[in-house]
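Everything below concerns the one structure shown next.
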Amino acid sequence: MLKILVLVSGGGTNLQAILDSVREGEITDTQIVGVISNNPNAYALERAKTAGVAAQCISPKSFGTRAEFNEKFLEAVDSYQPDLIVLAGFLVVIPPAMIAKYRNQIINIHPSLIPSFCGTGFYGLKVHEAALARGVKVVGATVHFVDEGTDTGPIILQKAVEVQYGDTPEVLQRRVMEQAEWKILPRAIELIAHGKVYVADGKAVVVE
Ligand code: GRF
């Protein structure tokens, strides 16, 4: 049984996709042991509670220094003894000590086809605004392991989505979520739960 901890900051539609996939049997041999948000108002916390999953908020704003937050945050993460940590729209920089401790055990969903439109400053709607500004015809989403860089870790799954004439950033964001993010994030968890993903030579290998 893979024990997963999901970290969130906002609406939690990716969390919902995971909850639904577990309930519907698309993710098997997996237990969601907890949800942590940095934002007390994140609707994701409600989604967790509705699903009967332990949920808590730990905000950097409640601590005097970032180092103090990082220490308490890592303690909270450790308390769940997770096998896999899933960043599902989590907007806080992961403490380096946590990345080292959970090497290749933290995955993130990013709303672009990495290495396009990723790295510092590319989050949320900004990603889709940049894609439309460049006029690309294909966008998508990526699930990757988290390393010390921003969106630089080994790529596990990607899925392409077509841009349509007249798209706004909001419309494109929604299509990328529906057609890519909500599919590949649960799929990556299912693959990891069954030992089908490993990292070799800095790259993720998926054995389907
Ligand atoms: C998603 O687009 C995800 O890729 C990201 O932030 C958004 C989170 O949405 N980086 P939600 O909270 O899962 O609804």
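Just so it is clear, the values below take in all heavy atoms, side chains as well, and ignore hydrogens, waters and symmetry mates. Both ligands and their constituent atoms are indexed starting at 1 by order of listing.
Under a 4.0 Å criterion applied to the non-hydrogen atoms of Ile109, ligand 1 contributes the atoms 4 (O), 10 (N).
Protein heavy atom at the shortest distance from atom 3 (C) of ligand 1 is Glu181 OE1, 3.2 Å. Among protein heavy atoms, the minimum distance from atom 6 (O) of ligand 1 is reached at Gly89 CA, 3.7 Å. For atom 9 (O) of ligand 1, the nearest non-hydrogen atom of the protein is Met177 CE, 3.4 Å.
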Between Phe73 and Leu7, does a side chain to side chain contact (heavy atoms under 4.5 Å, CB included) hold up when you go through it step by step? CA-CA 11 Å; Phe73 179 61; Leu7 308 186; 3.7 Å; yes

Would Lys183 and Glu26 satisfy salt bridge (Lys or Arg N to Asp or Glu O under 4.0 Å), going step by step from the backbone distance to the final call? CA-CA 10 Å; Lys183 291 183 165 49; Glu26 281 160 17; over 6 Å; no

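Using a 4.0 Å cut-off between charged side-chain N and carboxylate O, Arg174 and Glu178 make a salt bridge.
For Gln173, no nitrogen or oxygen atom sits less than 3.5 Å from a nitrogen or oxygen atom of ligand 1, counting backbone and side chain alike. Considering backbone and side-chain N/O atoms, His110 never comes within less than 3.5 Å of an N/O atom of ligand 1.
Under 3.5 Å, the side chains of Ser9 and Asn38 contain a donor-acceptor pair of N or O atoms. Side-chain atoms of Thr142 and His144 include no donor-acceptor pair closer than 3.5 Å.
The shortest separation from a heavy atom of Gly12 to ligand 1 is under 4.0 Å, placing the residue in contact.
Remark: aromatic rings of Tyr102 and Tyr80 are distant, center separation not under 6.0 Å.
Comparing Asn39, Thr13, Ile18 by heavy-atom distance to atom 11 (P) of ligand 1, the nearest is Thr13.
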